[in-house]
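Start at 1 with the first residue, then count along the sequence. Below, each value reflects all heavy atoms present in this structure, side chains not excepted, and no hydrogens, waters or symmetry copies.
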Amino acid sequence: MEGPTQLTITRMVDNRRQIYISPEAERIISNLQPRSVDVVAVVGPMRKGKSHLANLLCKRKAGFPLGDKLESETKDFWFWIVPHPVQIDRYLMVIDTEGLGDYSDEEQNEKDMKNLVLATLLSNHLVFNLQGNPDHSFVSNLRLMGDLADRIRVQKDGNDDGSNLGEHFPGLWVTVQQAHLKPPERNGKPLTPDEFLEDMLKRKDGHTKSIRSHNEMTDAVKAFFPKRHLRMIPAPSIDTDVLSNLDKVTDNELQKKYMDTVGKLTHEIWNSGQVKRVNGDDIKTTGLIHAMKYYVDAINDPNAVPSVIGAHEAMVEGECRRASNECMKQFQKTVEKKIKPLMPTDEETCNRRITTAAEDAVSKLTPDVGKWDKDGTWKEGLQEKMEAERLGLLKINGSKSKDVCEKIMGEADKSVRQKVESGGYNRVGGFDMYVKDMEGVIRTYNQKASGKGPSFEKVLKTFRATEETRRNTIKHAARKAEEDDSRFKEEQKKRREAEEAKERVAERERQARAEAERANERLMERAQGNGGGMGAADVAGMGLYAVGQGLRGMAYLLALALEESARRNNGP
């Protein structure tokens, strides 16, 4: 923190003064590392150097505002939380409270009492800051201490008289600033400041009302604060300008005795080794915010009394919830980093990884809340959450498996789909080609989708079921193509045979014409050689006619020609 922040906010609700923890304070404290806290609350009358002392306890000169008016400069509670000046494993939280006895407030007594109760409950060091001479009259400034038993209880049900509050109350540091009287002597030896405080807290003899009031007050202070100290702080300077600007002046402008005294006081508090505890348990920053909220709720409720046990329960509840949430966050971090990136995978492997991460998270809960979680309620609750997470993650793994396997199958089957769409299998041999291609699709899917989770077999089964329809369609189309091809071939065969028959007839006709021509030539030659009979022109004409009649009439014509030739040569 760079500077103090308002811790409490006061509002009037139904004509009642109500105290609330500010959202900013809750945010700051909740975001701190869960470490123990040394809480120092500074209370006392206004305009007595309270805020300046709070700054010094933070090892700062400035921070908490210093006022120079009659009205209290500090309203409500302000806090400053810093790394502890001595202990590296904890924080120092200094609370500056609204000054007691603000004349401008009509409900001063009630408000002072609530502020003192809250400061007492929040701190493990309560600094009651006064100013003036440490004589017996200053004890009257502790008058509010006597009423603490009526405002705070140990037990949650309030069934105790507050007699053991001292076991749970903070150490009391009474600081008297600008003190200039020396402590009295006893047996010729000056009393130490602590001895001087005990001397002033002695019971008085007598039975008057004032004596009874004094004795009740001092008895209460001694009972509630068994650890108590008095520190007398000399004036920082005799210069009024310096006193009005303590947050601006240098150390050299302050009296050495003052610097030595406040230095010793702050180191005593820092080196006490104490931290805020509730019912014997160290309270960390994370638990502190829950205890504070419990206290202000109880203080605001006119029918309730804040109790140590109630605050402890609130702290335990908050710490257990925080630890459980932290374990859940760690589990989810492991899931995001080491489990989800490896999805999808087979269900057994996925389940083993999730279970291991969950068991590791639960095991970390036990050291944090084991001493409070006696019946294992928080552990069981975390395990139930883990089980719900496990089932949810298995669903995610299954969903991712389905998506990945379907994508692999789609990519493997892409070329086949394209052939189907273009009609590449609608031909003779297309079905055999399809079957071969599908064997390649299944082989590719098995190679790439193996180990990709529980949907591997399911996606394959679904694909085979839907592919069966496509297969039957292609088979039918291929069969039809084969039938069409067979018919086409048969028709081609018939046409070819008809052409061949026609060509054979034509060839025979050509051969007959050639034979007729040759026969005609022989007749002509014979006629000429015989010197009579049928004339050459007749024979030629008959030969040509025979040629014209084709082979069928050729023999008949030749026979007539020969008969006529013989007749003419031989006579009647």
Flag if over 12 foreign heavy atoms under 6.0 Å of [atom1], [X]:
X    : atom1 : value
K502 : NZ    : no
R417 : CZ    : yes
E467 : CD    : yes
E500 : CD    : yes

Donor-acceptor pair, side chain of [X] and main chain of [Y], under 3.5 angstrom:
X    : Y    : result
N279 : H312 : no
K276 : L121 : yes
N446 : I442 : yes
S401 : K452 : yes
K374 : K371 : yes
D413 : M409 : no
T349 : T345 : no
S123 : V39  : no
T355 : N351 : yes
S422 : K419 : yes

> Hey, mind stepping through S307 and Y294 against side-chain hydrogen bond (donor to acceptor under 3.5 Å, both in side chains) and telling me if it holds?
Replying inline: CA-CA 9 Å; S307 69; Y294 162 78; 3.1 Å; yes
Under 4.0 Å between a Lys/Arg side-chain N and an Asp/Glu carboxylate O for [X] and [Y]?
X    : Y    : result
K480 : D484 : yes
E319 : R322 : yes
R321 : E317 : yes
K293 : D297 : no
R277 : D282 : yes
K111 : E98  : yes

> Yes or no on salt bridge (charged side-chain N to carboxylate O under 4.0 Å, His left out) for D432 and K436, after CA distance, side-chain angles and deciding distance?
Replying inline: CA-CA 6 Å; D432 292 337; K436 184 177 180 181; over 6 Å; no
Taking the side chain as every heavy atom from C-beta outward, state whether [X] and [Y] have any atom pair closer than 4.5 Å.
X    : Y    : answer
D346 : C350 : no
V416 : R470 : yes
L165 : V154 : yes
V404 : I408 : yes
N115 : T97  : no
R495 : Q492 : yes
E110 : R17  : no
K227 : Q274 : yes

Whether the [X] and [Y] side chains hold a donor-acceptor pair (N or O, under 3.5 Å, no angle test) is what I'd like checked.
X    : Y    : answer
Y295 : T120 : no
W80  : N55  : no
N472 : T469 : no
H84  : W270 : no

Could you report the tightest heavy-atom contact between [X] and [Y], atom names first, then the distance?
X    : Y    : result
G398 : P454 : CA-CG, 4.0 Å
E387 : R390 : OE2-NH2, 2.7 Å
W372 : D281 : NE1-OD2, 2.7 Å
F79  : A25  : CE2-CB, 3.6 Å
I9   : D76  : C-OD1, 3.9 Å
V275 : S36  : CG1-CB, 4.0 Å

How many angstroms lie between [atom1] in [X] and [atom2] in [Y], if you round to the nearest 0.5 Å?
X    : Y    : atom1 : atom2 : result
I269 : W173 : CD1   : CH2   : 5.5 Å
C327 : Q330 : SG    : CD    : 8.5 Å
L7   : I21  : CG    : CD1   : 5.0 Å
I396 : I339 : CD1   : CD1   : 10.5 Å
M315 : E313 : CE    : CD    : 10.5 Å
L382 : D373 : CG    : CG    : 10.0 Å

>> Is there a salt bridge (charged side-chain N to carboxylate O under 4.0 Å, His left out) between E2 and R60? Walk through the geometry before answering.
In response: CA-CA 11 Å; E2 296 298 323; R60 305 287 197 280; over 6 Å; no
>> Parallel, tilted or perpendicular: which one describes the rings of Y445 and F456, with boundaries at 30° and 60°?
In response: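 It falls in the parallel class, under 30°.
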> Between F431 and R479, is there a cation-pi geometry (under 6.0 Å to ring centre, at most 45° from the normal)?
Replying inline: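 Negative - R479 is either too far from the ring of F431 or too far off its axis.
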>> Using the side chain to side chain contact (heavy atoms under 4.5 Å, CB included) definition, which of the options T10, V13, T8 pairs with Y20?
In response: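 Single pass found, and it is V13.
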> Just one of V42, V82, D38 clears the side chain to side chain contact (heavy atoms under 4.5 Å, CB included) bar with L57, so which one?
Replying inline: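 Answer to the side chain to side chain contact (heavy atoms under 4.5 Å, CB included) test with L57 among V42, V82, D38: V42.
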Quick one: side chains of residues 85-92, donor-acceptor pairs under 3.5 Å with protein atoms, not counting sequence neighbours, listed by atom name and distance.
from, atom 1, to, atom 2, distance (Å)
R90, NH1, G273, O, 3.3
Y91, OH, Q33, N, 3.3

>> Before you tell me yes or no, could you show the steps for R35 and K284 under side-chain contact (heavy atoms from CB on, under 4.5 Å), namely the whole-Å CA-CA distance, both residues' side-chain angles and the distance that decides it to 0.1 Å?
In response: CA-CA 5 Å; R35 296 176 181 171; K284 295 180 171 56; 5.7 Å; no
>> Among residues at least two apart in sequence or on other chains, which ones pass salt bridge (Lys or Arg N to Asp or Glu O under 4.0 Å) with K402?
In response: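 Checked K402 against salt bridge (Lys or Arg N to Asp or Glu O under 4.0 Å); matches are E406.
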>> Go through it in stages, so that I can follow the logic: the residues are E499 and R496, the test is salt bridge (charged side-chain N to carboxylate O under 4.0 Å, His left out), and I'd like the CA-CA distance, side-chain angles, deciding distance and then a yes or no.
In response: CA-CA 5 Å; E499 290 293 334; R496 186 167 58 252; over 6 Å; no
> Yes or no on salt bridge (charged side-chain N to carboxylate O under 4.0 Å, His left out) for D403 and K407, after CA distance, side-chain angles and deciding distance?
Replying inline: CA-CA 6 Å; D403 292 343; K407 183 179 180 181; over 6 Å; no
